[in-house]
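Letters A, B, ... mirror the listed sequences (proteins, then strands); counts begin at 1.
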There are 2 protein chains.
Amino acid sequence: MKLDRQTIQLAAITLLNETGLETLSMRTLAKSLDVKAASLYFHFKNKDELMEGIAELISGRISQRLAKVKDCDFYQLAHILREELKRVNDSPKIFEITYPFTPNRTKLILLGMQLMQDLGVDQRHLTVAGNMGNNFVLSYVADEQYFARGTQRQMPAEFAAQFPSPIDLANPDEAFDYGLDIFIHGLQATTK
Amino acid sequence: MKLDRQTIQLAAITLLNETGLETLSMRTLAKSLDVKAASLYFHFKNKDELMEGIAELISGRISQRLAKVKDCDFYQLAHILREELKRVNDSPKIFEITYPFTPNRTKLILLGMQLMQDLGVDQRHLTVAGNMGNNFVLSYVADEQYFARGTQRQMPAEFAAQFPSPIDLANPDEAFDYGLDIFIHGLQATTK
DNA sequence: ACCTGAACACCGTTCAAGT
DNA sequence: ACCTGAACACCGTTCAAGT
């Protein structure tokens, strides 16, 4: 078996989409590649570095798609971000636990801050606004994947009673745009 | 040693504040209580239930403080939430991984939705708006605790160059209010 | 009722040894 | 250069046994 970092990362992503982050161990990953766990340590210093590689790989996909968009605005960035994150189960958790300043990821962060600046956010609040946008998309996808799993426990009855019926719920795509609108309009209202 | 759920939860919180979630195991927790790991399983079905108990305990503290506030608005809820979450290291992560509909936590969720409704959010978007508010506070505190840890790796130099100097950064309290303003103003702009 | 000893099936990681 | 066997120090969890 001829391994390399790419192959291992892609096998990990396959496993994530099959069974999720909880069951992804160096041992299960190795088994899926017909190799022993120790072999992986020739290609990655440790599990953290592997996770970092996965986040960086996803960031690369996003960068590639963004490169094809001219005059990219914040909506487009957010949409592409969401779409690519959704392609890998538990990707928000992976982004959360890994070091963010890898090359492709740094590019995304800089683009995000750039777009915030264009929207009129002042220098002092660039970081916090950027984090907020980032957290919004990550949390949104995390929630989507959590509900898609369908393995949650029930809501209590008293709670369900106060709730809008499923018919009255916004669909996930519309709801995402709704959240994005809140953020953008909030930025505009706060910067002028 | 006479154990009960409260004692165990408080010992766990102490351990969280000393060394964080990563090193909190049933075994280290038991050791801090001068007891064997197996003993904990008399009081909690498993580790998940213990974590759920911790989130519920924190939610109880928040509820207690909220009860003393008359005409509570969204700002006050957010502030109290942030303050109590900050008292327990890694609490955002714990809230993220546990079942949310425990008694005190359900009360908080219902209050949050209530306040969103008062702000004019329509029925269809109550859930998504509520999640957004919740995610904002949780992510904010998570980021705060991450930076407070001070163990992160460096930003790349090219990145740091583009960054506002520390003097020009908003302080954490002000930045929190700034984020909150974005959210509230965004809600208002979107609902009318 | 409440705690423990001892075990089971896992982890991530290391490292001498193989090819 | 690349992979493995075997071990180390951990996990969460169970359960018969002790008091």
Side-chain angles (χ1 to χ4, degrees), chain A residues 1-16 18-57 89-91 93-99 149 151-153, chain B residues 1-16 18-57 89-91 93-99 149 151-153:
Chain A
M1 209 356 150
K2 200 64 182 169
L3 288 183
D4 59 28
R5 289 171 68 97
Q6 257 248 76
T7 312
I8 296 172
Q9 284 160 0
L10 292 175
I13 288 176
T14 301
L15 236 44
L16 284 172
E18 282 169 3
T19 59
L21 183 58
E22 283 208 350
T23 56
L24 175 64
S25 70
M26 298 304 269
R27 290 167 141 96
T28 57
L29 175 55
K31 185 158 281 175
S32 85
L33 286 161
D34 266 309
V35 106
K36 300 300 163 188
S39 312
L40 302 175
Y41 288 83
F42 182 82
H43 301 278
F44 293 94
K45 186 164 117 289
N46 51 34
K47 196 181 180 181
D48 277 352
E49 198 188 271
L50 168 58
M51 298 310 242
E52 197 177 296
I54 293 171
E56 175 66 359
L57 189 156
N89 193 22
D90 287 326
S91 58
K93 227 161 285 186
I94 294 173
F95 273 66
E96 214 184 273
I97 62 180
T98 49
Y99 171 75
R149 250 171 164 89
T151 50
Q152 324 86 40
R153 281 190 267 164
Chain B
M1 214 348 156
K2 200 63 182 171
L3 288 183
D4 59 28
R5 290 171 67 98
Q6 257 249 75
T7 311
I8 296 171
Q9 284 160 358
L10 292 175
I13 288 176
T14 301
L15 236 46
L16 284 172
E18 282 169 5
T19 58
L21 184 58
E22 282 208 351
T23 56
L24 174 64
S25 70
M26 297 305 269
R27 289 168 142 94
T28 57
L29 175 55
K31 186 157 279 174
S32 85
L33 287 160
D34 265 310
V35 105
K36 300 299 163 189
S39 313
L40 302 175
Y41 288 83
F42 182 82
H43 301 278
F44 292 94
K45 187 162 119 287
N46 52 35
K47 194 181 182 181
D48 277 353
E49 200 188 90
L50 168 58
M51 297 310 239
E52 197 178 295
I54 293 170
E56 176 65 0
L57 189 155
N89 193 22
D90 286 327
S91 58
K93 227 162 283 186
I94 293 173
F95 272 67
E96 213 185 274
I97 63 180
T98 49
Y99 171 74
R149 249 172 164 90
T151 50
Q152 324 87 40
R153 280 189 268 164

Between the protein and nucleotides 17-19 of chain C, are there any N/O to N/O pairs under 3.5 Å, and if so, what are the atom names and distances?
none

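- Legend: residues meeting side chain to side chain donor-acceptor pair (under 3.5 Å) with Ser25(A), ordered by chain and number and at least two apart, are Thr28(A).
- Residue Leu15(B) holds its CG atom at 11.0 Å from CD1 of Ile13(B), rounded to the nearest 0.5 Å.
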Check residues 37-47 of chain B and write down every donor-acceptor pair under 3.5 Å in which the side-chain atom is one partner and the other belongs to a residue at least two apart or another chain.
| from | atom 1 | to | atom 2 | distance (Å) |
| --- | --- | --- | --- | --- |
| Ser39(B) | OG | Lys36(B) | O | 3.0 |
| Asn46(B) | OD1 | Asp48(B) | N | 3.2 |
| Asn46(B) | OD1 | Glu49(B) | N | 3.0 |
| Lys47(B) | NZ | Leu24(B) | O | 3.0 |

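- For Thr19(B), the side chain to side chain donor-acceptor pair (under 3.5 Å) test picks out Thr23(B), with sequence neighbours left out.
- For Glu52(B), the salt bridge (charged side-chain N to carboxylate O under 4.0 Å, His left out) partners at least two apart in sequence or on another chain are Arg153(A).
- Identified under the salt bridge (Lys or Arg N to Asp or Glu O under 4.0 Å) test for residues 21-31 of chain B, with sequence neighbours left out: none.
- With rounding to whole Å, Leu29(B) atom CG is found 17 Å from dC10(D) atom P.
- Residues Asn89(B) and Gly20(B) approach most closely at ND2-CA, 3.7 Å, considering heavy atoms.
- Scanning for salt bridge (charged side-chain N to carboxylate O under 4.0 Å, His left out) contacts around Arg149(A) gives Asp90(A), with sequence neighbours left out.
- Distance CZ (Arg5(A)) to P (dA1(D)): 16 Å, rounded to an integer number of Å.
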Interface polar pairs with nucleotides 4-6 of chain C, N/O, under 3.5 angstrom:
| from | atom 1 | to | atom 2 | distance (Å) |
| --- | --- | --- | --- | --- |
| dT4(C) | OP2 | Lys36(B) | N | 3.0 |
| dT4(C) | OP2 | Ser39(B) | OG | 2.4 |

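- Remark: P of dT13(D) and CD of Glu22(A) are 11 Å apart, rounded to the nearest angstrom.
- Taken residue by residue, residues 43-52 of chain B places heavy atoms nearer than 4.0 Å to DNA chain D at Asn46(B), Lys47(B).
- Checked against side chain to side chain contact (heavy atoms under 4.5 Å, CB included), Glu96(A) has the following partners two or more places apart in sequence or in another chain: Lys93(B), Glu96(B).
- Ala55(B) and Thr98(B) make their closest contact through CB-OG1, 3.9 Å (heavy atoms, listed as atom of the first residue, atom of the second, distance).
- Atoms CG (Leu33(A)) and P (dC2(D)) sit 16 Å apart, rounded to a whole Å.
- Distances from the side chain of Tyr41(A) to the nucleotides dG12(D), dC3(C), dT13(C) place dT13(C) closest.
- Per the geometry, CZ belonging to Arg27(B) stands 11 Å off C1' belonging to dC11(C), to the nearest Å.
- Residue contacts shown for Thr28(A) are limited to sugar-phosphate atoms, with no base heavy atom under 4.0 Å away.
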>> For Leu21(B) and Leu16(B): C-alpha separation, side-chain torsions, deciding distance, then whether side chain to side chain contact (heavy atoms under 4.5 Å, CB included) applies.
In response: CA-CA 6 Å; Leu21(B) 184 58; Leu16(B) 284 172; 4.0 Å; yes

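- One can place CG of Leu21(A) at 14 Å from C1' of dC11(C), the figure rounded to the nearest angstrom.
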> Please, what dot-bracket string fits DNA chain D when only Watson-Crick and G-U pairs with both distances under 3.5 Å count, crossing ones use [ ] and pairs to another strand use |?
Replying inline: ||.|||||...|||||.||

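- Take Thr14(A) and apply the side chain to side chain contact (heavy atoms under 4.5 Å, CB included) test, not counting sequence neighbours, and it matches Glu18(A).
- The distance from atom CG of Leu33(A) to atom NZ of Lys2(A), rounded to the nearest 0.5 Å, is 14.0 Å.
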